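Structure record follows, encoded as structure tokens.
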Amino acid sequence: MYDYDQGTAFLGEWGPFQRLVFFLLSASIIPNGFNGLSAVFLIDTPEHRCRVPASANLSREWLNASIPLEERGRRQVPSRCRRYSLEALANFSARNLVPGRDVNLSQVEQEKCLDGWEYSREPYLSTIVSEWDLVCENDWKAPLTTSLFFVGVLIGSFVSGQLSDRFGRKNVLFVTMGVQTGFSFLQIFSTTWEMFSILFLIVGIGQISNYVAAFVLGTEILGKSVRIIYCTLGVCIFYAFGYMLLPLCAYFIRDWRMLLVALTIPGLLYVPLWWFIPESPRWLLSQGKIKEAEDIIRKAAEMNHVAAPDVIFDLIELQDVNSQDQRSYSILDLVRTQNIRSITIMCVILWMVISIGYFGLSLDTPNLHGDIYLNCFLSAIIEVPAYTISWLLLHYLPRRYSMAGVLFLGGCVLLFIQLVPAYLTVFSITLVMIGKFGITASFSMVYVYTAELYPTVVRNMGVGASSMASRFGSILSPYFVYLGAYDRFLPYILMGSLTVLAGIVTLFLPESYGMPLPDTIEQMLRVKGINYRNTSKSKKTLKDDEENSVIIKGLKQGRKKSESDSNMLYV
């Protein structure tokens with residue numbers, strides 16, 4: 001295809017224009033950090049117990065004994081969903097009987113919370129759980145609310161790429177930022193749980209669409225050397241920065257409606273960026289808008305203080321490229337041969353498990369020992385070294401062992417948590433953060449690794465299918481956290497086991513570090529441990545394999561180029 005990078009090489013790699021685009025697009029990701037994980041505080045369940053109305057006419061002794069005890073976390077605590085029959089208690093109170101002495105409480109009839117619940121005002125003044133009583137028989141609604149947000153993310157993943165290809169990266173970026181901000185603001189006025197959940201789903205659609213548009217726009221405008229840093233550090237670090245702002249805002253604002261106001265207002269600050277962020281010249285060229293693309297490049301050259309050639313994009317050459325006949329590929333090509341089918345299955349497992357672990361640990365911070373706000377901040381700040389380490393691993397070490405290493409690290413420490421004594425709370429939290437570190441690093445690396453495994457002809461579909469599996473994993477993650485209500489260590493056991501399994505699966509994937517990117521399905525590297533029969537291969541396929549073996553011998557020579565290309569293409 002037409003070499004856009006060569007045609008715009010006169011701009012340089014890191015001039016004022018590139019720096020402006022890099023930092024403005026990275027900054028546009030900040031709201032995704034605190035909007036995407038706001039459920040940690042908006043949908044958390046405060047301590048609660050059945051309400052006993054004043055009209056029950058109970059004495060102080062019977063009022064204090066009205067809630068039965070239950071074992072939770074190896075301690076006897078008041079029940080959240082049951083109380084003793086108020087009719088029976090009123091009868092005992094009228095007869096001046098004393099609970100525990102005159103009446104055996106274990107034999108007193110119990111009943112549901114017929115008069116509602118009393119909620120603790122610490123650490124929250126209110127959440128949507130206390131607002132609409134999403135507890136006891138309705139406790140399934142809380143994780144469902146978070147899952148609906150991720151359903152919106154799944155839908156947005158389907159439509160964002162198509163919208164971006166049709167209407168332009170810049171237009172979709174700002175429209176979806178408006179959707180995310182506008183519908184988050186409408187959530188403040190929710191009158192029912194159903195209304196809040198539907199709006200939260202739409203926020204999820206806008207959230208991922210905004211993220212994808214910014215991601216693609218940056219990779220298409222920036223040069224190869226800067227593109228790697230933008231994809232692995234720029235976008236991810238600014239996302240983590242937004243994540244850090246979430247517990248800081250929540251610490252000072254304990255009411256869920258006012259917290260949403262604080263999280264929504266920053267979205268308005270991005271409106272002026274419309275006049276500073278350009279459209280993607282690559283997209284404009286694909287739409288035949290050559291003059292508009294040239295105008296953007298000339299303004300960039302002026303900003304970088306370099307002279308632009310009289311003709312930047314050759315109209316005839318572009319027309320020749322667009323007129324070339326190319327074979328079309330479908331999703332079925334991801335499972336057509338044994339090798340690509342094996343890679344697709346393993347990538348789907350890998351992405352789903354990593355997503356479950358990442359969002360499961362992020363949403364589980366309210367259940368950790370200690371201060372919820374500090375724990376959430378630690379969960380956010382640990383992502384910065386995780387992204388930095390993943391960037392270094394991608395540059396200097398083999399993909400397969402790097403991915404397996406961080407997955408084994410994350411999975412093993414999660415499994416070890418159940419063996420830590422209850423009084424070593426700081427040690428337990430440290431292990432959780434190490435687990436989050438390993439899974440976050442793998443999340444950053446899996447994009448590049450997957451893009452390197454698939455050939456050019458189906459690379460977008462391969463990464464897209466894997467990304468869909470990731471969305472299903474995020475939808476399931478709130479229910480992993482929900483299991484902690486039955487056994488505190490069960491979420492860690494499940495997430496740890498699955499993460500170790502993903503690490504084992506990674507070891508069977510082919511190594512792509514330093515390898516030239518495959519262009520055809522026949523040129524793909526082979527999955528380890530599978531015997532391949534050559535009898536059914538055509539002469540052309542055998543010839544391709546021979547050429548591939550020659551190419552592989554010269555891998556070291558093309559290492560730098562292959563790394564930059566792979567990071568460019570993994571969106």
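Keep in mind that this is a model prediction, so the values were computed, not measured.
Under the 4.5 Å side-chain criterion, counting only non-hydrogen atoms from C-beta, I493 is not in contact with L414. Taking 4.5 Å as the limit, some side-chain heavy atom of I202 sits within range of a side-chain heavy atom of V179. Taking 4.5 Å as the limit, every side-chain heavy atom of N96 sits out of range of all side-chain heavy atoms of F92. Inter-residue side-chain proximity for Y84 and E109 is flagged as unmet; no heavy-atom pair is nearer than 4.5 Å. At least one side-chain heavy atom of L507 sits less than 4.5 Å from a side-chain heavy atom of F408.
With no hydrogens or angles considered, no side-chain donor-acceptor pair links Y251 and D371 at under 3.5 Å. For T192 and W132, the side-chain atoms include no donor-acceptor pair closer than 3.5 Å.
Between C113 and C136, the SG-SG separation does not fall below 2.5 Å.
Taking a cutoff of 4.0 Å between a charged side-chain nitrogen and a carboxylate oxygen, E131 and R257 qualify as a salt bridge. Classification of R488 and D364 as a salt-bridged pair holds, one side-chain N sitting under 4.0 Å from a carboxylate O. Using a cutoff of 4.0 Å between basic side-chain nitrogens and carboxylate oxygens, D115 and R83 are scored as salt-bridged.
In this structure, the side chain of K141 does not engage the main chain of L134 through any donor-acceptor pair within 3.5 Å. No donor-acceptor pair under 3.5 Å is formed between the side chain of W117 and the backbone N or O of C81. With hydrogens and angles ignored, the 3.5 Å screen pairs a side-chain donor or acceptor of N375 with a backbone N or O of H369. A donor-acceptor pair under 3.5 Å is formed between the side chain of S428 and the backbone N or O of L424. No donor-acceptor pair under 3.5 Å is formed between the side chain of E47 and the backbone N or O of S120. Using modelled atom types, one side-chain atom of S147 and one backbone atom of P143 make a donor-acceptor pair closer than 3.5 Å.
Shown here is Y387, whose OH atom has more than 12 heavy atoms of other residues, nucleotides or ligands within 6.0 Å.
With a 6.0 Å cutoff to the six-membered ring centre and a 45° limit on the axis angle, K170 counts as a cation-pi contact of W274.
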